[in-house]
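Here's the structure we're looking at; comments come further down.
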Protein chains: 4
Amino acid sequence: MDSRNLQLTKEIIGKTLGQSGEDSLNSLGKELRILLSQKKLPKEPWTDLMIQSVLTDLAMMDSNNFTSRAGVGEREGRIFSSIVQHRHFYFSHGIGRSGEISAIQPKAAGSSLMAILTNTFAKHALKISGIRKVDCMVVPMATGMSISLAMLALKPQRPQAKYVVWTRIDQKTCLKCIYTIGLQAIVVEPELKGDAIVTGDVLNAIERVPIDEILCVLSTTSCFAPREPDDIERISAICKEKGIPHIVNNAYGLQCHKICGKISNSIRNGRVDAIVQSTDKNFMVPVGGAVIACPSSEFLKSISSTYPGRASGAPILDLFVTFLSMGEAGYQRILRERRSLVPIFKQRLSEFARSFGERLLESQNNTISYAISLDHFPNPTAIGSSLFLRRVSGTRVITPQSSKSVCGISFNSYGASYSNYPLAYITAACAVGLSPQEVDLFFERLSQVLRDSRAAY
Amino acid sequence: MDSRNLQLTKEIIGKTLGQSGEDSLNSLGKELRILLSQKKLPKEPWTDLMIQSVLTDLAMMDSNNFTSRAGVGEREGRIFSSIVQHRHFYFSHGIGRSGEISAIQPKAAGSSLMAILTNTFAKHALKISGIRKVDCMVVPMATGMSISLAMLALKPQRPQAKYVVWTRIDQKTCLKCIYTIGLQAIVVEPELKGDAIVTGDVLNAIERVPIDEILCVLSTTSCFAPREPDDIERISAICKEKGIPHIVNNAYGLQCHKICGKISNSIRNGRVDAIVQSTDKNFMVPVGGAVIACPSSEFLKSISSTYPGRASGAPILDLFVTFLSMGEAGYQRILRERRSLVPIFKQRLSEFARSFGERLLESQNNTISYAISLDHFPNPTAIGSSLFLRRVSGTRVITPQSSKSVCGISFNSYGASYSNYPLAYITAACAVGLSPQEVDLFFERLSQVLRDSRAAY
Amino acid sequence: MDSRNLQLTKEIIGKTLGQSGEDSLNSLGKELRILLSQKKLPKEPWTDLMIQSVLTDLAMMDSNNFTSRAGVGEREGRIFSSIVQHRHFYFSHGIGRSGEISAIQPKAAGSSLMAILTNTFAKHALKISGIRKVDCMVVPMATGMSISLAMLALKPQRPQAKYVVWTRIDQKTCLKCIYTIGLQAIVVEPELKGDAIVTGDVLNAIERVPIDEILCVLSTTSCFAPREPDDIERISAICKEKGIPHIVNNAYGLQCHKICGKISNSIRNGRVDAIVQSTDKNFMVPVGGAVIACPSSEFLKSISSTYPGRASGAPILDLFVTFLSMGEAGYQRILRERRSLVPIFKQRLSEFARSFGERLLESQNNTISYAISLDHFPNPTAIGSSLFLRRVSGTRVITPQSSKSVCGISFNSYGASYSNYPLAYITAACAVGLSPQEVDLFFERLSQVLRDSRAAY
Amino acid sequence: MDSRNLQLTKEIIGKTLGQSGEDSLNSLGKELRILLSQKKLPKEPWTDLMIQSVLTDLAMMDSNNFTSRAGVGEREGRIFSSIVQHRHFYFSHGIGRSGEISAIQPKAAGSSLMAILTNTFAKHALKISGIRKVDCMVVPMATGMSISLAMLALKPQRPQAKYVVWTRIDQKTCLKCIYTIGLQAIVVEPELKGDAIVTGDVLNAIERVPIDEILCVLSTTSCFAPREPDDIERISAICKEKGIPHIVNNAYGLQCHKICGKISNSIRNGRVDAIVQSTDKNFMVPVGGAVIACPSSEFLKSISSTYPGRASGAPILDLFVTFLSMGEAGYQRILRERRSLVPIFKQRLSEFARSFGERLLESQNNTISYAISLDHFPNPTAIGSSLFLRRVSGTRVITPQSSKSVCGISFNSYGASYSNYPLAYITAACAVGLSPQEVDLFFERLSQVLRDSRAAY
């Protein structure tokens, strides 16, 4: 409400009352001013009403919402269903334009502003998590496709490149994102160190082919135990020395300070070209977005201009709302809550394992995922599905026998990220958003399932 | 409400009244049954409440909404903001899984069902529009990226391929989607035929390089006048003869029966591998989705399995809701409304042009976009921005002087899709969703702007 | 967004694009300015986004939404459920204060402004319908309770009053609203004039008791055929002459120009103290509100101050939103649509009746409800329920036999508003919002039911 | 989704996945079954999605949502604005029918079921709070009007009644609800006992007029300190002995176990006819509803049938949603949270007062509102408005000088509920929903204001 309307309002409801309303609107204006000038997460969470207010203003700035407009193009942001219109808060132009996914859209001032702010908020969130000295953008693609996009942007720099040096991690997407764009993986088999599976000999892999045929090294920081995050400090040092680009798959690593610290070190001392993280796994939004961060703004811009055309604005809107709704304080809180749950989770898991004659597999550097052996269970694979039937989701049971072919490559002990891992085991993650009640439920049901499993034999 | 709950309801509110409620729920159940068994657009539009009801049921089937569940994975579909949760109707798992974008998701029964139905509804919509004998899937990417994906899926079949034969169309995305994935375009310059710009010599272009170095031909059916839709019947015949894949960029062609008829003919008599259309431009949803249609289900499956990982479910949800909200009748209606507006629009435009001493440029086969000459205006480029200031969006002004470099290729008369087009002109589209009121506004303001433009000199 | 924030916005997204957004926000500001200065329905409908925007601003002005507030009272507008909060657009203080239901609320500037505007919009709507020279307020009570309230406000003026002279209308509420507050009705039995039931001898009824024992005359303008609207011009003349207050139950009369014209005449020439109309029946909002209109602002204020305490703001919000969403043009349109459906409806009903050997009962002055005889049907009462089972709602079947006791008074032919009406009949209304499709459905099913009814005998 | 649709679903997405969805739907069905059979608050909170699901089912059962219906009545539940439709979850028929506000509505099975359940949930909530042996109903009117309605329902039992014996409580509504319906108050002036203001001589007041001229005694249990809740055990004993009805204004007393215990005792040993409580103050919903509870179901039914006509369903829907969203556990929790905040609040207030040379006024039996003296402040009234400017709402400053006339009666020290209370003081409440953060803010700002106030002199 502008000042003339506030004046009219006072004439209707009286000066004093009108003033109290104006004060509140001014407070909101001030909060927005802080946002627009600092371009950071607000210190404190915004209320839903404040968020609604800014969304409404931004939507009004998009051309599809101009009153008495005439749209005679082929793409005018018209929405058929009022349900759809309402759920998108009247935004419809998506993000980007033909030239660049992070370009400002001439038809959509509000959407453009939102996209830019979401990027700067994400940068702030990365900093809070411990990743410094990067520029970033939020893209409406999940982690896998985002890694592919970053690789495509590397292509013109390395026209001979055919290979990606890839430290084995047994999640299909991580390999597929290489083959999708017509490249091949040089697999670096990890090594066993105690129970833990750690980064293998990257240097050796690099030397297998001419260096200009290698597009980049793709390392991974967040993974299922007992695999540990890759030793990216070492990898980035090698990449720097050899002049090879380095992309870090940091899918859900933002929740771990240790990982983020190592990323910052790697940026400072070695070579990192892009770090890709999932928005859903780190920020609790629906699947469909990723944050691509780059130490070089220029390379970030290449990635942005690699994308052909426009894209859905939905994942950006989700993150924008979530960032406002969290504020810096809220984001710190969920990180802190996870951190304080970790030792308890680990301790309980360890004791639990012992009570069944099993043990927690040691993988010190993995602070998100934990694994306990299932050495004395006749049919470990049945345990996962029994748990799912009891509404425990997210566990994975791996046995030495499982083998699989992905993108034409055969893997033994698929799931373990290591051929011939000696034990069967089950993993569980202490991820952001996990509640203590869920932990209780998990142990209760796991206990039941394991007892049943033993009893069956 | 199941039968036992209905029984209890009757005990509370009485048999007769309870029965009237039960009847209504049964009617809804029956409508849903038709949907699930026929997998087609409903004959008549569904009400918002009916849609809400089915969304609620489907959401309840996704594991993130199970009551008393324990999620101990790294991706559990948790949503931080209640605004975000609500706007996604409690869906959060997106679509696809690592293997395939159209795969069923083990954690999300409801989302999976929705994705499958949306695909079959899209197939039905394509059939209504006139494209028969195809299978299709809806992807959460806009047209450009979807074309890139289809090309990536062709790659393994044609390992030597480096080129795409591309009939020039001056929209950046259409060229970028080739270069993004590391390929190069062999440009087929169109020909001038009267005022119209028509498909050039595709055969000659094909013969410029060894045939196995050509990935495919990329033709375009929907474009700004005076360029006409490509002669895809001829192109598909050539592709069939030469054994070259053929991808059709049918961005907003579903609204035109003529184009769709030609696509069907091309499928029947020639070679078409994939047809890509925008969801926003054809079905009035927010930007961010495309329908990829293929005569071969097998190739469609390859495209689906080319995508690495999961993706946003938002564009699918939008389309699902919109399809229910339209029904077959509603979709027919918007097609019909456009069709009946076309002759009026064209006629008014022609008369309007004459009144300014200009003329409608003849491009018979383009029934969506229309152009009128601006031959007697000293500064045509200013006209577009003047119109935008008056809230007329979607027009484009092209002059012979404009040249541009895209993906390293220089184009003269950029925008005209033809080097050295002799005239300046302005385009306007009679696209789906355009209202008669907008048409009136458009002419009123165009008239004002043109008068002002003349007066200024 | 205030000017400083717009400035910052321009620094982020560029001047030109920022300006286009600012222009749109300014347009909205201007529309709001017109609203706040003219206090009338907007000429044209507001879009949902514009409505959302004004609701957001108003909500922000209420103290329950102040940021960093401390509420240490017993009523602080806290909302437990986010569903509830969201559905009320964050309003929670209701309307009114202990002194007066239309008083400004010191804790709720936005709610207060909304309530005042809704009153002035209602006044404008009444004027459009044809009722002039009144002041009015919207109350969150349905018609019956609103009439009671108006009567309670008359009480202090007429301390001896025990009776209300009431022209018989067979809807329970119309009688109950008298007895609820401890008064008794003097029933004026209507008269039969052809098929029509018209106002009886009011004067005679008035003379039955000492005049100061009569609180008021309660007349009714909207009723089921064949009863006609009361002859309120005559009644108001009598009331003026005798010095007796006159309340008009105009429940759904706003949709009829004829009725409203007679009300205006009655105000000008006779005595009318209050006219009460339902919000749901006239303006298509959920049940629960009424507009109380009074020629004397002073008496309106008495009614307002009669109400003890606060009340729900929900019906006011509904009406505020609906008025904006209709605009003057939309309200005119729905009135016009009904008006143009009336002759068709009447004609079809008449022909339909004839085809079954029955007839349309003549009640010329009732332009909303219509009745056809059911003289040759053995079991007319079954027809109503058969229709309801076929999803035809709103018809009423009346037979001469039905008698009933309400508030201790026995009525013959209850439902007909006339003892011993000679015929059985069925009524149907051509009310605001009725669609031509519904009319078709109605006749189709009525035909079916009547045929079945005959066939059964 | 019924079993046949689940079968079809399994054919589409596979048996196992379909089964997991079915299980979740069945769980919801089971929760609903418990609700419908026990008619109590659910043990645990329902999620928003579960609530959405039941609302959708219920809405579908109302006739305005029947598909292919033909509404030819004057009230068909049509909604003009999609915003309004959506915010009411497609309910539009309100509650009640002409005969009775709690009657089942023949056109609205779902709304009727919701209204009945809300009543039984409220009964359960009252029991949890400590009021047993009552039946109750939720009405869409705030406390004042609800008390008036209860009195109106007493009227036919006591035709001679003109007076209500009323223990003075200085909130306008509490007196107005008597005068609104044409009765007069016999004021029982409270007595001073230390700092506290306690119930005066009710017996004496009763004896001032013939007993059949007294409609009832109206006592009050929740009030601003230093007035204490009325000694309703004594009053109810007197009422029993004298055969006079007794209505308890328990506006926000449900949050206090002590008050509710006394109400239960009064019911058991004395006479209580109706207890009226606000929904917003006790259950954190928007203003506009009340729970009327009666030991006699028959009298409750009289109240229900006193109301003329239909009424808004909005407050019932709000409460229904809130009850599901709280569950028994949630309601217990908010009661417990308040209870545990009380001693802290009181202690801090007392220390705070001492630090300014003032004191906490002792009113032992009032556990919600607290008062501290402002004996050494030159201008106490300015303190309240200074606080409001600092966004502290809900405090009240009372001085001995304030006097006021309400409903024609003059009161000294108005606000204190006692003529000539010796001190100025300020009150603050520790009410349900108050957060510890607000308490901190309150003391911080009060401190600032008091310091400023002293400094100013």
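Every chain is numbered from 1 and lettered A, B, ... according to where its sequence line falls, protein lines coming before strand lines.
Interface remark: D:V432 contributes backbone atoms only to the contact with chain C (heavy atom separation under 4.5 Å). Proximity to chain C involves both the backbone and the side chain of D:M326, based on heavy atoms less than 4.5 angstrom apart. For a residue to count as touching a neighbouring chain, one of its non-hydrogen atoms must lie under 4.5 Å from one of that chain's; by this rule D:L175 does not touch chain C. In this structure, the portion of D:P106 lying under 4.5 Å from any heavy atom of chain C is its backbone and not its side chain. Contact of C:I79 with chain D is made through backbone and side chain together, with heavy-atom distances under 4.5 Å. In this structure, chain D has no heavy atom under 4.5 Å from any part of C:T143. Only the side chain of D:I334 comes within less than 4.5 Å of a heavy atom in chain C; its backbone stays farther off. No part of C:Q85 comes within reach of chain D, as not one of its non-hydrogen atoms sits under 4.5 angstrom from that chain. For chain C, the nearby part of D:R445 is the side chain; its heavy atoms alone come within less than 4.5 Å. Only the side chain of D:F388 comes within contact range of chain C, with at least one heavy atom under 4.5 Å from a heavy atom of that chain. For chain D, no part of C:L55 is nearby; none of its heavy atoms comes within less than 4.5 Å. Heavy-atom distances place both the backbone and the side chain of C:T395 under 4.5 Å from chain D. D:I368 does not touch chain C: none of its heavy atoms, backbone or side chain, sits under 4.5 Å away. Both the backbone and the side chain of D:F442 come within less than 4.5 Å of a heavy atom in chain C. Of the atoms belonging to D:A311, it is backbone heavy atoms, and not side-chain ones, that fall under 4.5 Å from chain C. There is no contact between D:Q437 and chain C, counting heavy-atom distances below 4.5 Å. Using a 4.5 Å cut-off between heavy atoms, C:Y307 touches chain D through backbone and side chain atoms alike.
Of the listed residues (D:A70, D:G313, D:S63), the one with the most heavy-atom contacts under 4.5 Å to chain C is D:A70. Between chain C and the residues D:F224, D:F91, D:F283, the largest count of heavy-atom pairs under 4.5 Å involves D:F224. Ranked by heavy-atom pairs under 4.5 Å with chain D, the first of C:P308, C:G144, C:G330, C:G394 is C:P308. Ranking C:A290, C:S305, C:S369, C:A153 against chain D, the residue ahead of the rest is C:S305, based on heavy-atom pairs under 4.5 Å. Interface remark: of the candidates D:A251, D:G288, D:A429, D:A429 forms the most heavy-atom pairs closer than 4.5 Å to chain C. Taking D:M151, D:E444, D:H93 one by one and counting their heavy-atom pairs under 4.5 Å with chain C, the maximum is reached by D:H93. Of the residues considered (C:I178, C:I95, C:T67, C:D280), C:T67 shows the highest number of contacts with chain D, using heavy-atom pairs under 4.5 Å. Most heavy-atom pairs under 4.5 Å with chain D: of the set C:S435, C:G433, C:A142, this distinction falls to C:G433. The most heavy-atom pairs under 4.5 Å with chain D, out of C:K107, C:M145, C:Q255, C:Q171, come from C:M145. Top candidate by heavy-atom pairs under 4.5 Å with chain C, chosen from D:G77, D:S222, D:P286, D:P45, is D:P286. Looking only at heavy-atom pairs under 4.5 Å with chain D, the residue among C:L387, C:L149, C:L317, C:L324 that has the most is C:L317.
When every heavy atom of C:A314 is checked against every heavy atom of D:A314, the shortest pair comes out as CB-CB, 3.6 Å. Here the shortest heavy-atom pairing between D:S68 and C:L441 reads O-CD1, 3.7 Å.
Using a 4.0 Å cut-off between charged side-chain N and carboxylate O, D:K172 and C:E100 make no salt bridge. Contact check on C:R78 versus D:E438 returns a salt bridge, with a Lys/Arg side-chain nitrogen under 4.0 Å from an Asp/Glu carboxylate oxygen.
Using a 3.5 Å distance cut-off with no hydrogens or angles, the side chains of C:S82 and D:D48 do pair a donor with an acceptor. For the residue pair D:H88/C:D318, the side-chain donor-acceptor check at 3.5 Å is satisfied. No side-chain donor from either of C:R310 and D:T173 sits under 3.5 Å from a side-chain acceptor of the other. Looking only at atom types and distance, the side chain of C:S393 has a donor-acceptor partner in the side chain of D:E76 under 3.5 Å away.
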Verdict with reasoning, C:L434 to D:V72, per side chain to side chain contact (heavy atoms under 4.5 Å, CB included): CA-CA 7 Å; C:L434 179 69; D:V72 289; 4.2 Å; yes
side-chain hydrogen bond (donor to acceptor under 3.5 Å, both in side chains) assessment of D:R75 paired with C:S278: CA-CA 10 Å; D:R75 185 182 64 88; C:S278 150; over 6 Å; no
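Taking CZ of C:R87 as the reference point, atom NE2 of D:H86 lies at 11.5 Å (rounded to 0.5 Å). Distance OG/D:S81 to CE/C:M284: 10.5 Å, rounded to 0.5 Å. Here D:F89 contributes atom CZ and C:I83 contributes atom CD1; the two are 5.5 Å apart, rounded to the nearest 0.5 Å. Interatomic distance, CZ of C:R391 versus CZ of D:F66, reported as 6.0 Å (0.5 Å rounding).
Of the possible donor and acceptor atoms, one in the side chain of C:T180 sits under 3.5 Å from a partner among the backbone N and O of D:T306.
Side-chain contact check for D:V287 versus C:S312: every heavy-atom pair is 4.5 Å or farther apart. The closest side-chain heavy-atom distance from D:F80 to C:S325 is below 4.5 Å.
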